[in-house]
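Have a look at the structure below, then the notes.
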Amino acid sequence: MPEPSASGGQPIASTAHTGATIAAGAPKPTALVPERTPAELEQARRYARIELMTTLADQALDLVYLGTMALVVAVPLSRWLGGSIASDTLRLIALYAITLLGHELVSFPLSFYDGHIVEHRFGFSTLTLVGWLKRHLLSFALAAGLGLAMFVGLFWIIWLCGAWWWLIAAGAFFVVSVLLSQLVPVLVVPLFYKVDRLELPALSERLARLTAGTGLSIEGVYRLKLSDETTKANAMLAGLGHTRRVLLGDTLLDSFTLDELEVIFAHEIGHHVHRHIPKMLATGVLYSAAGFWCCDRLLAWWVTAHYGRFDYATLPVAALPLLMFSLTAFFLLLAPLQNAISRRYERQCDRYALARTGLREAYLSAFRKLERLNKGDPDPHPLEVIWLHSHPPIAERLAMALEPATAD
Ligand SMILES: [Zn+2]
């Protein structure tokens, strides 16, 4: 399903495979972290294979389900709804609810397998079945609310603005992205994780030194209780303006040294120094304008084929599943480009972290710990990286630290 790509934050590692932790204990010397054993590598490969299969299956399922809804079910279903609901907006809401519930029904087994069974099998999940179900329901409710507002909003923009709706919708999408970037860390993250302000003078002092002169103002550094959900580690710079903050997973804080934490924090500062968040918001406007324009052409073709004529002011409610399908397909096809840009940003930040801190050993040990904790795939297929990975493979991030610096 299409998700508004508001940048809630910039994790150190892709959520699919890796993350980063930061230890809040007493300063420890940076121990040399050994390479993974053959057994650990094999387990990581097995995990990566399953994750790849479930992700691809999920993407295929989305396309097949939404395609069927759009091309086969939408017109008769909308006509049937029209028998009891006269208002276009109410019929739109009903059609959205049915489409979404149907999607949940067909995709739930895969979500459960991937999110609960596999995560337990590989020793990541710390959730009970009830705990997982609660989280799944909460995510579903949030996505449903946001999606409903988005699609009803899009229909109203089309009905009222006519041929230029796609440009106006891209502007609205930008405003919503900025708002979400500000609100997600304050309103949404605490719904899933306990968040506490981190009081750790030794770390704060280092972080203050790193931010000095970068113009970055951070509202605070927070400990994110990731361990309620997983043993995986991660850290991120989240928020915008007054809500900009650094979130460090407790899984990271508990096993990383101060030097390693400093490197990871410097990586997050790199995102600010290279202005990645405004750049992502700006490219988001371009992507959404292009995506909405493609929807415009598809809608014109589909409505003309079914109803004989196409008029924006009377766009039939039955076009909703087609709009959902087109946006899903568009962003799926765009993913390789978005991922390539994201990986480039991550490499910039890795270089920045190394140059800024000069802590090469800590950088290496931090990423070795990350790949071990998160069972990162040691050698993902290049096509998989292109299609799915927002972060470079950890092996590449480690190798970078061992090479002479190059400009990016
Ligand atoms: Zn990053």
Side-chain angles (χ1 to χ4, degrees), residues 5-22 177 181 184-185 189 206-207 210-211 214-216 218 221-222 224 226 232-240 243-249 251-253 256 259-284 335-357 359-360 362-371 373-374 376-377 380 385-386 388-401 405-406 408:
S5 65
S7 51
Q10 283 283 303
I12 179 80
S14 87
T15 45
H17 293 273
T18 44
T21 28
I22 301 204
S177 299
S181 297
V184 163
V189 172
R206 288 181 182 230
L207 305 190
L210 285 176
T211 47
T214 64
L216 174 63
I218 290 172
V221 178
Y222 292 83
L224 190 66
L226 282 183
K232 290 180 186 171
N234 222 330
M236 64 159 65
L237 175 66
L240 211 56
T243 65
R244 176 158 299 177
R245 57 191 57 196
V246 173
L247 302 171
L248 304 173
T251 40
L252 191 80
L253 281 162
F256 277 47
D259 278 355
E260 289 160 353
L261 291 177
E262 184 175 332
V263 168
I264 283 163
F265 189 78
H267 169 103
E268 301 303 335
I269 295 175
H271 284 299
H272 168 77
V273 171
H274 289 288
R275 307 193 56 73
H276 290 160
I277 292 178
K279 281 178 189 168
M280 276 165 49
L281 288 170
T283 47
L337 175 67
Q338 286 183 303
N339 284 332
I341 295 173
S342 170
R343 288 193 305 274
R344 182 185 154 87
Y345 287 172
E346 295 304 324
R347 284 193 287 269
Q348 281 183 332
C349 293
D350 286 350
R351 287 204 189 91
Y352 176 86
L354 269 174
R356 175 92 185 173
T357 63
L359 298 169
R360 204 169 62 104
Y363 174 100
L364 291 170
S365 59
F367 278 104
R368 288 210 178 106
K369 281 183 183 175
L370 273 181
E371 70 172 358
L373 274 169
N374 298 341
D377 189 353
V385 175
I386 288 170
L388 296 171
H389 288 209
S390 59
H391 287 60
I394 289 215
E396 185 189 320
R397 302 175 85 170
L398 288 169
M400 191 274 292
T406 52
D408 192 2

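Whatever order the structure lists them in is the order used to number ligands and atoms, beginning at 1. Keep in mind the model is a prediction, meaning the values are calculated, not measured.
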Exercise. Please state whether the separation between the Zn ion (ligand 1) and some N/O/S atom of H271 is under 2.8 Å?
Key: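 An N, O or S atom of H271 is closer than 2.8 Å to the Zn ion (ligand 1), so yes.
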Quiz item: Would you say H267 has an N, O or S atom lying under 2.8 Å from the Zn ion (ligand 1)?
Solution: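 H267 does place an N, O or S atom closer than 2.8 Å to the Zn ion (ligand 1).
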Quiz item: Of all heavy-atom pairs between L226 and K232, which one has the smallest distance, and what is that distance?
Solution: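 Here L226 and K232 meet closest at CD1-O, 3.8 Å.
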Quiz item: Any idea how Y352 and H274 line up, ring-wise: parallel (<30°), tilted (30 to 60°), or perpendicular (>60°)?
Solution: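 It falls in the perpendicular class, over 60°.
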Self-check item: Donor-acceptor under 3.5 Å (D350 side chain, H267 main chain)
Solution: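 Judged by distance alone, no pair lies under 3.5 Å.
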Quiz prompt | Atom pair CD1/NE2 of I269 and H272 - distance to nearest 0.5 Å | solution =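 Interatomic distance, I269 CD1 to H272 NE2, rounded to 0.5 Å: 8.5 Å.
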Quiz item: What is the name of the N/O/S atom in E346 that sits closest to the Zn ion (ligand 1)?
Solution: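 When I compare the N, O and S atoms of E346, OE1 is nearest to the Zn ion (ligand 1).
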